[in-house]
Amino acid sequence: MMSSSNECGTVFIVDDDASVLKGISRIVRLAGYEAVTHTSAEEFLHQAKPSSPSPCCLVVDLTMPGMGGLDLQQRLIDTGTNCPVIFMSGNGSIPATVQAMKRGAVTFLSKPFDHDDLLQAISEALGKQMSVENQSRRVIEIRQRIRNLTDREKEVMGWVISGMLNKQIAARMGIVEKTVKVHRARVMGKMQTQSVAELTRLCADAEFPPNR
């Protein structure tokens, strides 16, 4: 059993049933996660801070007084909050399940559910959130490399990832091929890439378009 630590991840639990909150939070804490409970979606939105550095996920009841689970999920999407959602319900309908999954829910647990199923879903959700955060950091780093390029180097890079050869780029830009090679070498160095294929992937991730 892991010791409880918010470094392992924070699990926000939202349900209007106090006994459910107590039971799930106990399972979560025994598994080594931090459990934060809320009795309503409104309370969660008012008090929770799911954008903290610690990985997090949300375990939420589908049907509650006031704002339901689906509405809460949509609110997180609208605000750009990266906190994967696990739904639970004692009487979830198929349309609601489909809607939740289309919006990116990790899974849908029918009450009563097995403890292992819950912990597996939490593990998957936290892994998903960390993957998204890592990709976000990677894109930020790539865009910083692009900002370090001169305008000329960016132009050359745009032609390189479009598939043009050095002599074709030289003709397009009205410069000699030797100069293109110099710019190209600087681009590869600043972008920390070893091949055109790698450079093309980085540019695609950072939404830097090829020249046309």
When you check the gap from the basic side-chain N to the acidic O, do [X] and [Y] get nearer than 4.0 Å?
{"X": "Lys128", "Y": "Glu124", "result": "no"}
{"X": "Arg29", "Y": "Glu34", "result": "no"}
{"X": "Lys22", "Y": "Asp15", "result": "no"}

Heavy-atom side-chain proximity of [X] to [Y] below 4.5 angstrom:
{"X": "Gln129", "Y": "Cys56", "answer": "yes"}
{"X": "Thr107", "Y": "Phe87", "answer": "no"}
{"X": "Phe44", "Y": "Leu72", "answer": "yes"}
{"X": "Val59", "Y": "Val11", "answer": "yes"}
{"X": "Gln73", "Y": "Val60", "answer": "no"}
{"X": "Ile13", "Y": "Val36", "answer": "no"}
{"X": "Phe108", "Y": "Met88", "answer": "no"}
{"X": "Val180", "Y": "Ile175", "answer": "yes"}

Exercise for review: For Lys111, look at atom NZ and say whether over 12 heavy atoms of other residues, nucleotides or ligands are found less than 6.0 Å away.
Suggested key: yes
Point to revise | Glu207, CD: over 12 other non-hydrogen atoms inside 6.0 angstrom | key: no
Keeping [X] on the side-chain end and [Y] on the backbone end, is there a donor-acceptor pair under 3.5 Å?
{"X": "Ser25", "Y": "Leu21", "value": "yes"}
{"X": "Ser136", "Y": "Val132", "value": "no"}
{"X": "Asn134", "Y": "Met130", "value": "yes"}
{"X": "Gln168", "Y": "Leu165", "value": "yes"}

Do you reckon [X] sits in the same ILVMFWY cluster as [Y], going by side-chain contacts under 4.5 Å, direct or chained?
{"X": "Met67", "Y": "Leu76", "value": "yes"}
{"X": "Ile86", "Y": "Ile27", "value": "yes"}
{"X": "Val182", "Y": "Met157", "value": "no"}

Review point. Does a donor on one side chain sit under 3.5 Å from an acceptor on the other, for Asp78 and Gln74?
Key: yes
Practice item. Would you tell me whether Asn211 and Glu155 have side-chain atoms, one donor and one acceptor, within less than 3.5 Å of each other? Key: no
Practice item. Might you work through the salt bridge (Lys or Arg N to Asp or Glu O under 4.0 Å) test for Glu141 and Arg137, ending with a clear yes or no? Key: CA-CA 6 Å; Glu141 181 184 344; Arg137 283 192 290 270; over 6 Å; no
Practice item. Check the pair Val85, Val106 against side chain to side chain contact (heavy atoms under 4.5 Å, CB included), reporting the backbone distance first and the verdict last. Key: CA-CA 6 Å; Val85 181; Val106 175; over 6 Å; no
Check your understanding: Checking side chain to side chain contact (heavy atoms under 4.5 Å, CB included) for the pair Thr150/Lys154: CA distance, chi angles, key distance, verdict?
Key -> CA-CA 6 Å; Thr150 65; Lys154 289 176 185 175; over 6 Å; no
Point to revise | Worked check of side chain to side chain contact (heavy atoms under 4.5 Å, CB included) between Asn166 and Lys178 | key: CA-CA 9 Å; Asn166 288 344; Lys178 183 178 179 180; over 6 Å; no
Could you go through residues 187-206 and list every donor-acceptor pair under 3.5 Å that involves a side-chain atom there, pairing it with any protein atom two or more places apart or in another chain?
| from | atom 1 | to | atom 2 | distance (Å) |
| --- | --- | --- | --- | --- |
| Lys190 | NZ | Asn148 | O | 3.3 |
| Lys190 | NZ | Glu153 | OE1 | 2.9 |
| Lys190 | NZ | Glu153 | OE2 | 3.4 |
| Ser195 | OG | Glu198 | N | 3.1 |
| Glu198 | OE1 | Gln194 | N | 3.0 |
| Thr200 | OG1 | Val196 | O | 2.8 |
| Asp205 | OD2 | Arg138 | NH1 | 2.3 |
| Asp205 | OD2 | Arg138 | NH2 | 3.3 |

